Amino acid sequence: MVMLDEDIMRQLRATFKMEAKEHIQAMNRVLLALEDDPPEEERAELLKEIFREAHSLKGSAGAADVPEIEGIAHRLESVFSVAKSGDLELTPDLCDVLYEGIDAAEVVVATTLEGEAHGLDLPTLHRRLDAAEEGEVLAPGEGTGQGGSGKEAAASSDGANGSGDVGQPGEPTSPGDGPSSGAAEGSGRRRGGQGLTQGTEESIRVSTDKLDSLMTQAGELMVAGLKIDQRLKELEAITHATEDWNREWLKIRAAHSQLLHENGDERIRPLLRFLNENERVLKDLAGEVSDLWRGLSRDALLLSRVTSDVSEEVMKVRMLPIATVLNIFPRMVRDLARQKEKDVDLVIEGAETELDRNVLEEIKDPLVHLVRNAVDHGIESPDERQTVGKPRVGTVTVKAYQKGSNIVVEVSDDGAGIDVEQVKRAALKSKVLPQEELEAISDEQAMQLIFASGVSTSKMITETSGRGVGMDVVRKNVEALHGHVDVDSTLGEGTTTTLTLPLTLATTQELLVRVRDQTFGIPISAVERIQRIEPESISTVEGKEAIIVNGQPISLVYLCDVLEMPKQERALDPKEKIPVVILGAGRWRIAFLVDGVVGQQESVVKSLGKQLSRVRNVAGATILGTGQVIMTLNPSDLLKSARGAAGQTDIAARIARSQEQEEKRTSVMVVDDALATRNLEKNILETVGYDVKVAADGVEALSILQSDGGCDVIISDVVMPNMDGFDLTAAVREDAKLCETPVILVTSLESTEDKERGLEVGADAYIVKSSFEQETLLDAVRQLA
């Protein structure tokens, strides 16, 4: 056997890692399409495609010496082979097993190739896939003996010898690297529409670090171009000065000539000759400077065009279709819908819309949360939908499109909509706002409360919902990108969440404004209008200054006041028009009065560093051509600050202030008969500052609670001796002193019936141990305490 050099093997595995992701993505896409029950001819082609993907994955794994993936791919290939021959029907339960195999391959790719342990029970998975080839569906715990079907040995032999294309790890993959943009339903169905496929253009793989470095250099080139433009302006000023000086000389030339002829003093003649020579030199110098200015202008224009083209082309290289994020959604919606026993269609529009890779990375988690929210909270159960006259199958739509220099992504559903009164009750329970303020705010303002940390309308906290941190993260991530979020919901009809994002973070078109003696930049994407108004056109609406635009009043604030600059008396000339910049985000429109509009500039906005990572109203800093450093303002922050300056109720600001209040030390009771679990949960909670008591079963816990006067939160297992978690929860709810205490059930029971029973006895949260994460538990305690 030929042993490859270590460096060659490392490169081979790196190539395999990228190829494997493409194969896995393609198998997910095709399997979703097969669950859609396509026509026979299309089904045959899909089975051929998914068989080729599994076969190529197996061959590449053999070449890269990754036997774990080779074994999984071999079994998947076998199942697809039987299905291709027509001897196997891919039922939803059977597809669940195949998805499990595909997911396992993805985990191995992400861990084993990085030298980490994958933690998977591959022998059991192999037996389940072997049984799937025979049309049988084994439960995860079944078939753990040594019986099996005897195919592991065959797979090992196949893995050792490789496959027919082991020597061809670079074999091209089939077209269609992303999943379809059609709808994926809970039962696995997918409605038509073009796929999220990528083109077949020739390409090479380039490290993202190299692209980032190239984009940075392109940005610096643009800054250098701005400085050259400034030098060009300075040279133009010198040209005008020499021309003016030459004109002044021409005015007194007659007097010089008269002096030369009338004055007979020989001593003055050298001076007069020097003035004559000076005239010639000045004229030549003025011509040369003028020629230099015109030549440099042409060169600067060419450099500007080249710089613009380079920046644009580099930006295009960094641009990716939003399909690269959306391609996980059909599978995710399918799995979540099956888990929640709902029928859901996912419709994706505008998957080809492109935006900066860095923006894509930042919006992935917000979009995942919004889609999961739509399935979990928005879409009703089939019976509930049928009762209110809706189709049994709900629809979640993700739509992306470009609007000017922004990308707009809309996530909508035709579900139950957001109950504003329920949001207010959740906000009151989470102590975001007091009762009297909740009663005073409008429905539109109350809708903003869903962005507060800890506010959730879910009846119970589970591993997928109810922790009240999702929408808060959505808003923070989007605003960190200098974008904004808008929510529109109609009770009984559905909800639409709109994300407005910049096309790229590399460069920003800025409006330069002057406030007092300082210059600031405002991203053009947030500017709706620039106009000059007469002081007499400023009116008063509800005691606050406003201007009328298109027949609608818009609040007017002074930008210097919003930025908290030193107070200074303003003397407005009634005859002089003053500049106003109108900013908009979602439904909000506010006019900012400035001292002057300097111009427009494409800028490279730099962060302020870790020490100033979050400064209110400031997004970063940029450099003008003069070398002056100016602040780039954050439009979202300006609008929030301005609403306060204009005397409007700023729910977002109140939410932030309420969350900054110091939390009291919370007491928690942990109830579990397993000593290891008790200690684990106790250590997690004590590490973040909670006061923890422990008990081994429900009887002991109830005794401690009644004697000590209770606690703030109870965390309990379900299956315990003497008194289980369900009985403990019921006993707590019946106790007059303890009945208001929140109860979190942490258990291995994950069936829908068990969760419903937990809800019936009064549990506030239900966390399954199989998907237990430290942050899930802490988020639940923070919300309920």
Side-chain angles (χ1 to χ4, degrees), residues 20-38 43 46-47 49-55 57-58 68-69 71-84 88-111 118-122 124-143 176-180 182-190 196 326-344 346 368 371-372 375 463-464 750 770-771:
K21 289 180 179 179
E22 294 173 356
H23 292 310
I24 290 168
Q25 188 180 87
M27 284 192 286
N28 267 313
R29 172 182 56 81
V30 178
L31 192 52
L32 280 166
L34 286 168
E35 284 191 283
D36 193 25
D37 194 20
R43 173 183 171 83
L46 289 171
L47 285 170
E49 181 179 351
I50 199 168
F51 173 82
R52 287 196 303 269
E53 295 292 347
H55 180 72
L57 178 61
K58 181 181 74 172
E68 296 94 336
I69 297 179
I72 296 172
H74 169 78
R75 288 167 173 80
L76 289 171
E77 178 189 29
S78 298
V79 175
F80 297 140
S81 176
V82 177
K84 186 159 62 79
L88 181 65
E89 181 182 357
L90 298 180
T91 63
D93 289 337
L94 194 63
C95 286
D96 284 343
V97 179
L98 297 177
Y99 282 125
E100 185 181 343
I102 295 172
D103 289 345
E106 188 172 16
V107 170
V108 174
V109 169
T111 55
H118 53 68
L120 300 174
D121 184 3
L122 292 183
T124 300
L125 174 62
H126 291 171
R127 282 185 282 273
R128 296 190 71 205
L129 290 172
D130 290 339
E133 185 180 346
E134 305 296 333
E136 301 176 15
V137 178
L138 298 180
E142 289 186 61
D177 296 328
S180 171
E185 190 186 18
S187 60
R189 293 194 299 273
R190 178 178 61 86
L196 305 181
L326 303 184
N327 57 24
I328 65 171
F329 286 4
R331 168 71 188 282
M332 181 184 74
V333 169
R334 181 258 184 203
D335 291 345
L336 185 58
R338 280 178 61 81
Q339 178 186 342
K340 300 297 180 180
E341 298 181 350
K342 297 179 179 181
D343 288 338
V344 183
L346 174 67
V368 166
V371 173
R372 290 177 68 88
V375 176
E463 63 275 11
T464 59
E750 54 184 333
S770 62
S771 58

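Heavy-atom basis, side chains included; hydrogens, waters and symmetry copies ignored. Computed from a prediction, not measured in an experiment: that's the story for all the values here.
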Give, for atom OG of S78 and atom CG of L129, the distance between the pair rounded to the nearest 0.5 Å.
9.5 Å
Between I72 and A104, the two heavy atoms sitting closest are CD1-CB, 4.0 Å
Step by step, work out the side chain to side chain contact (heavy atoms under 4.5 Å, CB included) result for F51 and L47.
CA-CA 6 Å; F51 173 82; L47 285 170; over 6 Å; no
For R29, is there an ion pair with E49 - N to carboxylate O distance below 4.0 angstrom?
yes
In Å, rounded to the nearest 0.5 Å, how long is the span from CG of L34 to CE of M27?
12.5 Å
So how far is it from R338 CZ to K340 NZ, rounded to the nearest 0.5 Å?
14.5 Å
Please determine if D121 and R127 form a salt bridge, counting it only when a charged side-chain N lies under 4.0 Å from a carboxylate O.
no
So that I can tick it off, tell me whether D103 and R331 are bridged by a salt bridge, with the cut-off set at under 4.0 angstrom between side-chain N and carboxylate O.
yes
Got a donor-acceptor contact below 3.5 angstrom from the R43 side chain to the P38 backbone?
no
How far apart are the closest heavy atoms of A73 and A54, and which atoms are they?
CB-O, 3.7 Å
Verdict with reasoning, L31 to L90, per side chain to side chain contact (heavy atoms under 4.5 Å, CB included)
CA-CA 9 Å; L31 192 52; L90 298 180; 4.3 Å; yes
Nearest heavy atoms of L88 and A132, plus distance in Å
CD2-O, 3.6 Å
Should R334 and D96 count as an ion pair when the cut-off is N to O under 4.0 Å?
yes
Given 3.5 Å as the limit, does a donor-acceptor pair link the side chain of R75 with the main chain of G71, or not?
yes
Checking L125 against L120 for the side chain to side chain contact (heavy atoms under 4.5 Å, CB included) test, could you report, in this order, the C-alpha distance in whole Å, the side-chain angles of both residues, the deciding distance, and whether it holds?
CA-CA 9 Å; L125 174 62; L120 300 174; 5.9 Å; no
For T111 and H118 the tightest heavy-atom approach is OG1-CB, 3.2 Å
Any donor and acceptor pair, going by atom type alone, linking the side chain of S81 with main-chain N or O of E77 inside 3.5 Å?
no
